[in-house]
Amino acid sequence: MTIKKIITEPNQLLRQVSSPVDKVGKEERQIMDDMLETMYAANGIGLAAIQIGVPKRMIVVDISKEENKREPRYFVNPVIKNKDTLKATYEEGCLSVPNQFAEIDRPKKCDVEYIDYDGGKKILKAEGLLATCIQHEIDHLEGVLFIDYLSKLKKSMIIKKLSKNKSTRIVV
Ligand code: NI
């Protein structure tokens, strides 16, 4: 397993729509292993393949808090079904939007259809933090970031801040 570099906003790659995976093979599992390792190293609870530069519909999630009780979940071609009309609000952050946080409302419960690590078709009933996390990650597959739900002003302030942090300022 390899820790990969996480792409951060602003970067056009993060706006790309990821392509469906035809088959979960060795290569796909390798990518998911790397994604998980990268996510753990960055102390995240979810990561989409595009965040390490791979435009494929794959996400990994682990909302367990303790390091010795890890519960990795892998979702290939995930699709949300039956969204709850009730909303849940969490203060969200994103490994691709470093050090920025905002309260986002999302459906409290949802069903997710996906293919698992071994290539099997699955359905998961998710709620609370898990539901929010999966929805956040699936947004990445559509090129959507949590900051897109904020007002134009808030969003542009965040992007400005991130752009500043990226440039190397020198005084000579
Ligand atoms: Ni994210």
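We count ligands from 1, going down the list as the structure has it; atoms in each ligand are counted the same way. Throughout, residue positions are numbered sequentially from 1 according to the sequence presented. When reading the values below, keep in mind they use all heavy atoms of this one structure, side chains included, and skip hydrogens, waters and symmetry mates.
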TODO: Determine whether Y40 and R70 make a side-chain contact, defined as any pair of heavy atoms from C-beta on separated by less than 4.5 Å.
DONE: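 Yes, at least one pair of side-chain atoms sits under 4.5 Å.
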Are V24 and M32 packed together at the side-chain level, in the sense that at least one heavy-atom pair is separated by less than 4.5 angstrom?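 A side-chain contact exists here, since the closest heavy-atom pair is under 4.5 Å.
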With a 4.0 Å cut-off, would you call K56 and E27 a salt bridge?
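So K56 pairs with E27 through a salt bridge.
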Q.
Whether E28 and R57 form a salt bridge (side-chain N of Lys/Arg under 4.0 Å from carboxylate O of Asp/Glu) is what I want to check.
A.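 E28 and R57: not salt-bridged.
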Checklist entry - Side-chain donor-acceptor pair under 3.5 Å between D33 and Y117, yes or no? => result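 The criterion, which ignores hydrogens and geometry beyond distance, is satisfied for Y117 and D33.
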query = Protein N, O or S atoms at less than 2.8 Å from the Ni ion (ligand 1), how many?
reply =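 Protein heteroatoms (N, O, S) closer than 2.8 Å to the Ni ion (ligand 1) number 3.
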Sequence neighbours excluded and cut-off under 3.5 Å, please list the side-chain donor-acceptor pairs for residues 152-162, or say none.
residue, atom, partner, partner atom, Å
K155, NZ, D148, OD1, 3.1
S156, OG, K152, O, 3.2
S156, OG, L153, O, 3.0

